[in-house]
J.: 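Sharing a structure, written as C-alpha cells. Questions coming.
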Amino acid sequence: MRDRVMTEMTLYDKLSILSDAAKYDVACTSSGVDRKGDGNGMGNCSRSGICHSFSADGRCISLLKILFTNECIYDCKYCVNRSSNDVVRTSFTPEEVCELTMEFYRRNYIEGLFLSSGILKSPDYTMELIYATLYRLRHVCNFQGYIHVKAIPGADERLIRLTGFLADRMSVNIELPTAEGLRLLAPHKTRKNILKPMRLVQEKRKENRQEITVYKNAPRFVPAGQSTQMIIGATPETDFQILNVAEALYKKFDLKRVFYSAFVPVNNDRALPSNRDEGPPLLREHRLYQADWLLRYYHFEAGELLDEDNPNFNVYLDPKCCWALKHLEFFPVEVNRADYRTLLRVPGIGYKSATRIVKARRIGKLEFDDLKKMGVVLKRALYFLTCNGKMMYPVRIDEDYITRNLLNTKERVPEGVSGMNYRQLTLFDDMNMTAVRSAGTDLQWKQR
C-alpha cells in the first residue's frame with residue numbers, strides 16, 4: 001500500500017505530524033550538563049533538567065521533541081513509521097527545525113531540542129541532514145541551549161563525530177533487548193551496527209576529556225553523555241535478561257541512561273504480541289526503572305535482584321523491598337552503626353537520606369523521629385531498622401508478615417502489633433466503631 005504524501009503542507013501541519021510521530025521515543029531525562037550562554041547567542045543549558053522533567057526549583061521544563069522525518073526505508077514491525085504502513089509522510093528542512101526551535105524558545109515554551117528521525121534514503125543521507133540542522137542552529141542561529149540528538153546506526157563515523165561536537169547528549173536506540181528479538185521484529189537492523197556508534201561515542205568522549213585537560217577551550221564532545229532505549233514487552237525476554245543487558249551497557253559503553261519503553265501495539269502483525277485489551281505493560285516498565293536506579297545509585301548488581309529461578313519482578317512490590325524480603329538475614333540494621341552502603345539497601349532509605357544519616361549521627365544518636373525528618377519512608381523502613389537497638393514497633397521479622405503489611409501500608413500501625421490501638425480513619429467512618437480482638441493477635445474493627 002502506497003504512502004499518502006501531502007505535497008502542499010504548512011509548517012504547522014508538519015509539526016503536528018512529526019511531533020506526534022516522536023512520542024514513542026522516550027527521553028524523559030535531565031540534561032546532566034551546565035553551559036552558560038556567552039551573551040551573544042540565544043539560550044543556555046542547565047543541569048537542573050530538560051525534557052518534561054521537574055527542576056530543583058520545582059519548574060516543569062520541556063524541550064521540543066520532533067522527528068526530522070517520518071519517512072523510513074526500514075520495516076520494523078513495531079514502528080508506526082515502518083515503510084509498509086499507509087501514513088502521511090513528511091520531512092522538515094534544516095531551516096524549518098531551526099525556525100521552530102528558536103520561535104518556541106523565544107516564547108519560553110521550551111529550553112532545548114530533542115531531534116530524532118526515520119531513515120530517509122540512507123543512514124548517511126539522514127545523518128548529514130541532522131548535522132546540517134545542528135550546525136545551522138549553533139552557528140547561524142547562535143542557539144546555546146540543550147540539544148539531544150539521535151545517532152543513526154550505519155552512518156559514516158565522520159558525520160557522527162561532527163554532530164557530537166554540536167550536541168549535548170547523543171543516543172543510539174538498541175531497540176530490543178536481544179539480537180534474537182531484533183532479527184524477529186527489525187530484520188533490517190543489526191546489533192553490530194547499533195553498538196558501533198555507541199563505542200565510537202564512548203571512545204571519542206574519553207579522548208575529548210583528555211583534550212580538555214590540556215586545552216581548556218577545546219570544543220566538548222557530547223558533554224552530557226549518551227543513552228539508549230529498549231522496547232519492553234514486544235519480545236518474550238524476562239526482566240532478568242533485560243536487566244543484564246542494561247548492566248552490560250552501563251559497564252561496557254559508559255551510558256548515562258537506559259530508557260525502557262512499554263510496548264504499544266500500533267501495528268497489526270502476527271509477530272507482535274496481542275495486548276490491545278491489556279494495554280502497554282506500564283507497571284513492568286516502572287519496576288525496571290526502579291531496578292535500573294538500584295544499579296546506578298545503590299550499588300546493586302542484576303544478579304542480586306533477579307536470577308534464572310526468579311526471572312521477573314513482583315509488580316506489587318518495588319525491587320528493593322523484594323530483595324530485602326529474600327534476604328531477611330541481613331536485617332534489622334542498626335541505623336547508628338551501619339555503613340553507607342548497608343543503609344542504601346534498607347527499603348525506605350534513599351541515597352540522599354543515607355548521606356544525611358551518616359552526617360547527622362556524628363553529632364549524636366538518631367531516633368525514628370529524626371529519620372522521618374531526614375526523608376526516610378518509615379512505613380517501609382520500620383521492618384528493617386533499629387534505632388539504639390530498638391525497633392519502632394514490636395514487629396516480626398517474617399517474610400509473609402512483612403509482605404502483607406507492605407502491600408497494605410496507608411500510614412498506619414502494622415497489623416498484629418500487640419498493645420496498639422491506633423487505626424487509619426477513612427471518609428466512611430461514622431465514629432460508631434469498636435475494636436475487637438480476633439482469635440489471633442490482629443485487631444479488627446466492627447460496626448456497632
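Keep in mind the model is a prediction, meaning the values are calculated, not measured.
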J.: What's the spacing between Ile152 CD1 and Ile194 CD1 if we round to 0.5 Å?
T.: 11.5 Å

J.: Check whether any side-chain N or O of Thr69 sits under 3.5 Å from a backbone N or O of Gly118 as a donor-acceptor pair, and report yes or no.
T.: no

J.: Are the side chain of Asn193 and the backbone of Pro153 linked by a donor-acceptor contact shorter than 3.5 Å?
T.: no

J.: Please name all residues satisfying salt bridge (charged side-chain N to carboxylate O under 4.0 Å, His left out) with Asp292, sequence neighbours left out, ordered by chain then number.
T.: Arg296

J.: Taking Asn85 for its side chain and Val80 for its backbone only, find out whether a donor-acceptor pair lies under 3.5 Å.
T.: yes

J.: Tell me whether Arg220 contacts the main-chain N or O of Phe165 through its side chain, where contact means a donor paired with an acceptor under 3.5 Å.
T.: no

J.: Donor-acceptor check, side chain of Ser353 to backbone of Val376, threshold 3.5 angstrom: yes or no?
T.: no

J.: With Glu99, which residues qualify under salt bridge (charged side-chain N to carboxylate O under 4.0 Å, His left out), at least two apart?
T.: none

J.: Do Leu385 and Met392 touch side chain to side chain, with heavy atoms closer than 4.5 Å?
T.: no

J.: Distance-only, no hydrogens or angles: does the Arg380 side chain make a donor-acceptor pair with backbone N or O of Pro347 under 3.5 Å?
T.: no

J.: Could you tell me whether the side chain of Asn267 reaches within less than 4.5 Å of the side chain of Tyr78, counting heavy atoms only?
T.: no

J.: Partners of Pro319 by side-chain contact (heavy atoms from CB on, under 4.5 Å), sequence neighbours excluded?
T.: Arg287, Gln290, Ala291, Leu294, Phe313

J.: Under a 4.5 Å cut-off applied to non-hydrogen side-chain atoms, are Asp254 and Lys206 in contact?
T.: no

J.: Evaluate the ring planes of Tyr297 and Trp293, with Trp represented by its six-membered ring, and classify them as parallel (under 30°), tilted (30 to 60°) or perpendicular (over 60°).
T.: tilted

J.: Quick one: sort the Trp323 and Phe331 rings into parallel, tilted or perpendicular, breaks at 30° and 60°.
T.: perpendicular

J.: Is Ser171 close to Gln229 at the side-chain level, that is, under 4.5 Å between some pair of heavy atoms?
T.: no

J.: For Lys326, what residues pass the side chain to side chain donor-acceptor pair (under 3.5 Å) criterion, not counting sequence neighbours?
T.: Glu399

J.: Contact between Ile66 and Val97 at the side-chain level, heavy atoms closer than 4.5 Å - yes or no?
T.: yes

J.: Going by salt bridge (charged side-chain N to carboxylate O under 4.0 Å, His left out), name the residues that satisfy it together with Arg191, two or more places apart in sequence or in a different chain.
T.: none

J.: Counting neighbours of OH on Tyr109 that are heavy atoms of other residues, nucleotides or ligands and sit closer than 6.0 Å, is the number greater than 12?
T.: no

J.: If you count every heavy atom of other residues, nucleotides or ligands that lies below 6.0 Å from Tyr74 atom OH, does the total exceed 12?
T.: yes

J.: Tell me, yes or no, whether the heavy-atom count around Lys196 atom NZ, taken from other residues, nucleotides or ligands under 6.0 Å, exceeds 12.
T.: no

J.: Quick check: does any side chain N or O of Thr228 sit under 3.5 Å from a backbone N or O of Val172, one acting as donor and the other as acceptor?
T.: yes

J.: Can you sort out the partners of Tyr250 under ring-ring contact (aromatic ring centres under 6.0 Å, His included), two or more places apart, ordered by chain and number?
T.: none

J.: Spell out, as yes or no, whether a donor-acceptor pair under 3.5 Å connects the side chain of Gln241 to the backbone of Thr238.
T.: yes

J.: Who pairs with Tyr131 by side chain to side chain donor-acceptor pair (under 3.5 Å), at least two apart in sequence or on another chain?
T.: none

J.: Counting only N and O atoms by type, is there a donor-acceptor contact under 3.5 Å from the side chain of Asn405 to the main-chain atoms of Tyr401?
T.: yes

J.: For Tyr351, is the OH atom crowded, meaning more than 12 foreign heavy atoms sit under 6.0 Å from it?
T.: yes

J.: Which residues pass the salt bridge (charged side-chain N to carboxylate O under 4.0 Å, His left out) test with Glu96, sequence neighbours left out?
T.: Lys14

J.: Val222 versus Asp168: any side-chain heavy-atom pair under 4.5 Å?
T.: no

J.: Under a 4.5 Å cut-off applied to non-hydrogen side-chain atoms, are Lys204 and Ile160 in contact?
T.: no

J.: Among all residues two or more places apart in sequence or in another chain, which pass the side-chain contact (heavy atoms from CB on, under 4.5 Å) test with Thr10?
T.: Tyr12, Asp13

J.: Who pairs with Arg199 by side chain to side chain donor-acceptor pair (under 3.5 Å), at least two apart in sequence or on another chain?
T.: Gln202

J.: Going by salt bridge (Lys or Arg N to Asp or Glu O under 4.0 Å), name the pairs with one or both residues in residues 341-357, residues two or more places apart or in two chains.
T.: Glu304-Arg345

J.: Excluding sequence neighbours, so at least two apart, what forms side chain to side chain donor-acceptor pair (under 3.5 Å) with Asn312?
T.: none

J.: Ignoring hydrogens and angles, tell me if any N or O in the side chain of Asn173 forms a donor-acceptor pair with the backbone of Ile231 under 3.5 Å.
T.: no

